[in-house]
Amino acid sequence: MKQLERVKEFDGWLMRYSHDSACCHCEMTFSIYLPPAAKERPVPVIYWLSGLTCTDDNFRTKAGAQRYAAELGIALVIPDTSPRGDAVPDAVDRYDLGQGAGFYLNASQEPWSRNYQMYDYITQELPTLIETNFPVIEDLRSISGHSMGGHGALVCALKNPSFYRSVSAFSPICHPVASAWGKTCFQAYLGGDEKRWREFDATELLIDKAELLPCKIDQGTEDEFLADYLFPQHLVSVCEKRGIALNFMYRQEYDHGYHFVASFIGEHLAFHAQYLTSMASSNWE
């Protein structure tokens, strides 16, 4: 790893690193915030997945999450949203495909398949890197995200219920196989077999009886993408039919942006802390 930045915040440290990724066959970048408690002992960790067009920089500069993480004694890990670089395929005329739009899946189609292995990167390579190099507690992980990153967080949690303790999302793409974003991007990354698409769709995974961890979802009512792209009502309906408890809330008059995320990120981190810090205390005793 190469350290790119180190900034003190709320008595902890916000750091940015680059490293060579075996999954994505390119240099990847991530940020990590270590709270002041990490000076004394290992801490739990929340992985944050950002949305379309974002890098690791959006969340760490716009959400205000570090203040809450410092108070709760939880580390934040903030990866990039896709592989990047001159040798990495891109769709320069589109914001929803290619660099900045990895969709947290494992691409199987050319030219994407060599680099766009974001699911394996998020669930395997990056946690190993973090747990090897930073003072975090193995097995005390939660995951959260926004928009495309909310989709990624839900999918990662549903496919790995023993790996995470809880999951949350802001304005997630809940049913990508029904969404224009999902249909076009899944076609490009995964090909024409829609059974393969279902493997990276939260609503379809729930229909197929996946286990849902403790889950919190917030959705703004004035979200410009709500009607045509996100479909939270599909996921809510499946949970109701299966009798799954889901902490879902429509937030009146909020849109899709980071003002929305910043307004409620403290509640999301507190939600995760219920499942992380109580178990962490037994590690410290």
Side-chain angles (χ1 to χ4, degrees), residues 1-5 14-32 47-62 76-130 132-133 143-156 159-160 172-173 176-177 179-193 196-197 199-201 225 229 258:
M1 295 190 303
K2 180 171 69 173
Q3 188 176 90
L4 306 177
E5 187 178 18
L14 177 65
M15 297 169 286
R16 176 183 265 172
Y17 291 87
S18 64
H19 71 101
D20 292 329
S21 169
C23 284
C24 298
H25 297 96
C26 67
E27 187 176 71
M28 295 292 289
T29 301
F30 69 90
S31 290
I32 181 170
Y47 289 81
W48 172 270
L49 307 186
S50 294
L52 289 168
T53 75
C54 291
T55 68
D56 62 304
D57 201 39
N58 295 75
F59 178 75
R60 68 188 204 134
T61 59
K62 295 180 179 180
L76 302 173
V77 174
I78 312 156
D80 202 348
T81 55
S82 78
R84 296 183 193 268
D86 293 341
V88 174
D90 196 11
V92 294
D93 58 336
R94 293 180 58 175
Y95 73 93
D96 61 345
L97 182 68
Q99 295 187 33
F103 269 87
Y104 305 103
L105 49 74
N106 286 341
S108 58
Q109 302 298 301
E110 297 295 339
W112 315 103
S113 57
R114 173 172 169 79
N115 303 108
Y116 286 75
Q117 301 295 310
M118 288 297 293
Y119 173 77
D120 282 353
Y121 178 74
I122 296 299
T123 61
Q124 297 177 32
E125 183 175 11
L126 185 59
T128 298
L129 189 71
I130 296 299
T132 301
N133 292 281
I143 191 165
S144 184
H146 171 233
S147 193
M148 178 187 72
H151 141 77
L154 290 170
V155 167
C156 289
K159 291 169 75 70
N160 301 276
I173 307 171
V177 302
S179 166
W181 277 335
K183 288 178 181 178
T184 58
C185 294
F186 282 17
Q187 176 75 40
Y189 290 139
L190 301 173
D193 184 0
R196 176 68 169 153
W197 300 7
E199 297 175 17
F200 295 101
D201 183 304
F225 302 111
Y229 294 95
Y258 262 91

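Scope of the values below: all heavy atoms of this structure, side chains included, with no hydrogens, waters or symmetry mates.
Using a 4.5 Å cut-off on side-chain heavy atoms (C-beta onward), Y17 and L129 make no contact. Using a 4.5 Å cut-off on side-chain heavy atoms (C-beta onward), L52 and Y95 make contact. With a 4.5 Å cut-off on side-chain heavy atoms, P79 and D56 do not count as touching. Considering only heavy atoms from C-beta on, M118 comes within 4.5 Å of C24 through its side chain. Using a 4.5 Å heavy-atom cutoff, the side chains of H146 and Y258 are in contact. At a threshold of 4.5 Å between non-hydrogen side-chain atoms, the residues P176 and H151 count as touching. T81 places none of its side-chain heavy atoms less than 4.5 Å from the side chain of L49. Between Y47 and L76, every side-chain heavy-atom pair lies at or beyond the 4.5 Å cut-off.
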Derivation and outcome, side-chain contact (heavy atoms from CB on, under 4.5 Å), residues K183 and V177: CA-CA 5 Å; K183 288 178 181 178; V177 302; 5.8 Å; no
Criterion ring pair (Phe, Tyr, Trp, His ring centres under 6.0 Å) on F225 and W181, from CA distance to verdict: CA-CA 10 Å; F225 302 111; W181 277 335; 4.9 Å; yes
side-chain contact (heavy atoms from CB on, under 4.5 Å) assessment of R16 paired with D57: CA-CA 9 Å; R16 176 183 265 172; D57 201 39; 3.3 Å; yes
Test log, rule side-chain contact (heavy atoms from CB on, under 4.5 Å), inputs Y189 and Q109: CA-CA 5 Å; Y189 290 139; Q109 302 298 301; over 6 Å; no
Test log, rule side-chain contact (heavy atoms from CB on, under 4.5 Å), inputs Y116 and N106: CA-CA 6 Å; Y116 286 75; N106 286 341; over 6 Å; no
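Looking only at distances, no side-chain donor or acceptor of S82 sits under 3.5 Å from a matching main-chain atom of G102. Remark: side-chain polar atoms of Q99 are paired, donor with acceptor, to backbone N or O of V88 under 3.5 angstrom. Side-chain atoms of N160 come within 3.5 Å of backbone atoms of C156 as a donor-acceptor pair (strictly under, hydrogens ignored).
The two residues P111 and P89 make their nearest non-hydrogen contact at O-CG, 3.0 Å. The two residues N58 and T55 make their nearest non-hydrogen contact at OD1-N, 3.0 Å. Of all heavy-atom pairs between Y229 and A180, the closest is CE2-CB, 3.8 Å. Across every non-hydrogen atom of F59 and S50, the tightest pair is CB-OG, 4.0 Å.
Between F30 and H19, the angle of the ring planes goes over 60°, which puts this pair in the perpendicular group of the 30/60° scheme. Relative orientation of the F200 and Y119 rings is perpendicular, given thresholds of 30° and 60° on the angle between their planes.
Of the N and O atoms on the side chains of E125 and S21, at least one donor lies less than 3.5 Å from an acceptor on the other residue. Donor-acceptor pairing under 3.5 Å is lacking for the side chains of T184 and Q187.
One finds the CG atom of L105 at 11.5 Å from the CD1 atom of I122 (value rounded to the nearest 0.5 Å). A distance of 7.0 Å separates CD of E5 from OG of S31, quoted to the nearest 0.5 Å. Taking CD of Q117 as the reference point, atom OG of S108 lies at 8.5 Å (rounded to 0.5 Å). Atom OG1 of residue T29 and atom CD1 of residue I78 lie 12.5 Å apart, to the nearest 0.5 angstrom. Here the straight-line distance linking atom CG of D96 with atom CD1 of I173 works out to 9.0 Å at 0.5 Å rounding. Atoms CZ and CE, from F103 and M148 in turn, are 6.5 Å apart once rounded to the nearest 0.5 Å.
A salt bridge is absent between D90 and R84; no separation between the charged side-chain nitrogens and carboxylate oxygens falls under 4.0 Å.
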